[in-house]
Number of protein chains: 2
Amino acid sequence: MKSPTELTEAFRANGLKVTPQRQLLFRLMHGNTMHPTADALFSEASVQMPGISLRTVYQTLTDLASMGELRLIDVGAGAVRFDPNVDDHHHVVCQTCGDVRDVYVADSQNLSIDGLDGFAVDSTSILFHGSCARCA
Amino acid sequence: MKSPTELTEAFRANGLKVTPQRQLLFRLMHGNTMHPTADALFSEASVQMPGISLRTVYQTLTDLASMGELRLIDVGAGAVRFDPNVDDHHHVVCQTCGDVRDVYVADSQNLSIDGLDGFAVDSTSILFHGSCARCA
DNA sequence: TGCTAATCTGCATCAATTGCTAACTAGCAG
DNA sequence: CTGCTAGTTAGCAATTGATGCAGATTAGCA
Ligand SMILES: [Mn+2]
Ligand SMILES: [Mn+2]
Ligand SMILES: [Zn+2]
Ligand SMILES: [Zn+2]
């Protein structure tokens with residue numbers, strides 16, 4: 001994800017306005033490695049800006065995602081996670097505490113795959129399920 | 001997934017009863033490659049057994065899953081899919097029509113992975129997103 | 001044939017997300 | 001610096017997928 005300053009530019013360039021709510025979310029997401037849910041972000045944002053709406057959090061995250069600044073991660077349980085890391089990477093989720101961490105997989109393109117005939121693949125997501133060090 | 005006859009045995013062995021509703025669902029799921037949702041199965045089941053409850057469909061599918069006879073597949077949009085194929089395999093989903101097909105990935109254990117330190121991995125799911133032949 | 005624990009149905013509830021709209025405001029034109 | 005207006009926000013309703021619950025029903029055994 002771009003920096004808050006760069007996002008300010010990018011939003012205005014797209015005819016979108018830069019509001020205090022959006023700037024706050026730019027800051028909360030920038031460099032965030034927690035893979036937070038919309039609701040978790042809403043809680044954090046509410047500390048600095050009481051009265052901000054959960055709806056606005058969803059809205060802004062969706063905007064950022066459609067601009068390619070965020071990725072949506074579905075770990076198969078509960079709410080979707082938002083990820084400012086748009087590099088090619090994958091995830092591991094702890095099935096006990098729900099923590100999500102980045103995983104980098106080399107040669108994920110060179111897998112020997114059977115069953116993709118007729119399919120044009122756009123993207124691949126690899127999700128590891130397990131137990132983190134703390135929950136071991 | 002075991003055959004309807006074998007499941008009848010297995011259910012009784014576990015102290016579970018074998019009802020007409022369950023038998024119907026055993027039959028509908030056996031060899032089913034559609035990766036149906038609970039609701040899709042409910043529709044199919046309702047044809048042969050009007051009045052069957054969606055709640056019963058969920059219940060039975062959950063029972064089968066916890067007996068290891070079914071796998072739950074989350075394709076990241078809409079409802080969970082149920083899969084009688086419990087072999088080690090993965091999936092490709094058409095982002096247009098939602099169709100899900102089996103994919104077999106060789107050497108998925110031998111991936112060169114960075115970021116799993118401290119994590120004990122139980123399972124890995126690989127999901128390919130794309131466009132099927134019909135929706136191309 | 002009768003008993004009883006398990007099951008089924010139907011409805012309430014829940015969690016996550018999206019739809020809607022009146023009030024508000026960023027950002028530009030004058 | 002003002003006023004306008006398209007875009008945004010807050011708050012609440014609605015939707016979707018799934019689970020909780022309880023009274024009526026039934027499989028399976030004595
Ligand atoms: Mn990530
Ligand atoms: Mn499958
Ligand atoms: Zn953990
Ligand atoms: Zn398709």
Side-chain angles (χ1 to χ4, degrees), chain A residues 4-5 7-26 28 35-43 45-46 48-67 70-82 93 98 100, chain B residues 4-5 7-26 28 35-43 45-46 48-67 70-82 93 98 100:
Chain A
T5 313
L7 287 174
T8 297
E9 299 294 311
F11 265 58
R12 286 207 254 258
N14 284 33
L16 303 177
K17 294 181 177 176
V18 177
T19 64
Q21 290 89 342
R22 286 178 174 177
Q23 288 177 322
L24 172 56
L25 290 167
F26 294 170
L28 289 178
H35 303 90
T37 62
D39 204 67
L41 271 166
F42 171 62
S43 294
S46 296
Q48 299 186 47
M49 188 183 283
I52 190 175
S53 159
L54 175 59
R55 192 68 185 83
T56 299
V57 175
Y58 271 107
Q59 194 79 259
T60 300
L61 292 172
T62 303
D63 289 344
L64 284 165
S66 60
M67 291 171 66
L70 287 184
R71 276 181 51 193
L72 275 60
I73 315 290
D74 188 325
V75 296
V80 166
R81 314 299 193 104
F82 294 86
V93 55
V100 176
Chain B
T5 312
L7 287 174
T8 296
E9 298 295 311
F11 264 60
R12 287 208 253 257
N14 284 32
L16 302 177
K17 293 180 177 177
V18 177
T19 64
Q21 291 88 343
R22 286 178 176 178
Q23 290 177 324
L24 172 55
L25 290 166
F26 294 170
L28 289 178
H35 303 90
T37 62
D39 204 67
L41 272 166
F42 171 62
S43 294
S46 296
Q48 298 186 48
M49 186 182 286
I52 191 174
S53 160
L54 173 60
R55 192 69 186 79
T56 299
V57 175
Y58 271 108
Q59 195 79 260
T60 301
L61 292 173
T62 303
D63 290 343
L64 285 166
S66 60
M67 290 172 66
L70 287 184
R71 275 181 51 194
L72 274 60
I73 314 289
D74 188 326
V75 296
V80 166
R81 315 298 195 103
F82 294 87
V93 55
V100 176

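Labels below follow one simple rule: chain letters A, B, ... track the order of the sequence lines, proteins then strands, and each chain is numbered from 1.
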Between A:Phe42 and A:Tyr58, does the ring centroid distance fall short of 6.0 Å?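 Not close enough - the centres of the two rings lie 6.0 Å or further apart.
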
Under 3.5 Å, which protein N or O atoms sit close to an N or O of nucleotides 9-13 of chain D? Give each pair with its distance.
residue	atom	partner	partner atom	Å
D:dT9	OP1	A:Thr19	OG1	2.6
D:dT9	O3'	A:Gln21	NE2	3.0
D:dA10	OP1	A:Gln21	NE2	3.2
D:dA10	OP2	A:Ser53	N	3.0
D:dA10	OP2	A:Thr56	OG1	2.5

Of all nucleotides in DNA chain C with an atom under 4.0 Å from a non-hydrogen atom of chain A, which is the first and which the last going 5' to 3'?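 Taking any atom under 4.0 Å from a heavy atom of chain A, the span is C:dA16 to C:dG27.
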
Report the distance from atom CD1 of A:Ile52 to atom OG of A:Ser43, rounding to the nearest 0.5 Å. 11.0 Å

What is the distance from atom CZ of A:Arg22 to atom CD of A:Gln59, rounded to the nearest 0.5 Å?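 Going from the CZ atom of A:Arg22 to the CD atom of A:Gln59 covers 7.0 Å.
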
When the distance from CG of B:Asp39 to P of D:dT15 is rounded to whole Å, what number comes out?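 Atom-to-atom, B:Asp39 to D:dT15, this comes out as 16 Å.
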
Between atom CD in B:Gln23 and atom C1' in D:dG28, what is the gap in whole Å?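 Taking CD of B:Gln23 and C1' of D:dG28, I get 13 Å after rounding.
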
Please find the pair of heavy atoms, one from B:Ala65 and one from B:Leu72, that lie closest to each other, and give the distance.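 Shortest heavy-atom separation between B:Ala65 and B:Leu72 comes out as CB-CD1, 3.5 Å.
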
For residues B:Phe26 and B:Thr8, report the shortest heavy-atom separation together with the two atoms involved.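 For B:Phe26 versus B:Thr8, the nearest heavy atoms are CE1-N, 4.1 Å.
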
In a check of side-chain contact (heavy atoms from CB on, under 4.5 Å) between A:Leu61 and each of A:Leu25, A:Leu41, A:Thr37, which one passes? A:Leu41

Within the side chain of B:Thr60, is there an N or O that forms a donor-acceptor pair under 3.5 Å with the backbone of B:Val57? no

Where the side chain of A:His35 meets the backbone of A:Val100, is there a donor-acceptor pair that is under 3.5 Å apart? yes

Side chain of B:Lys17 - closest among D:dA27, D:dA18, D:dA6: D:dA27

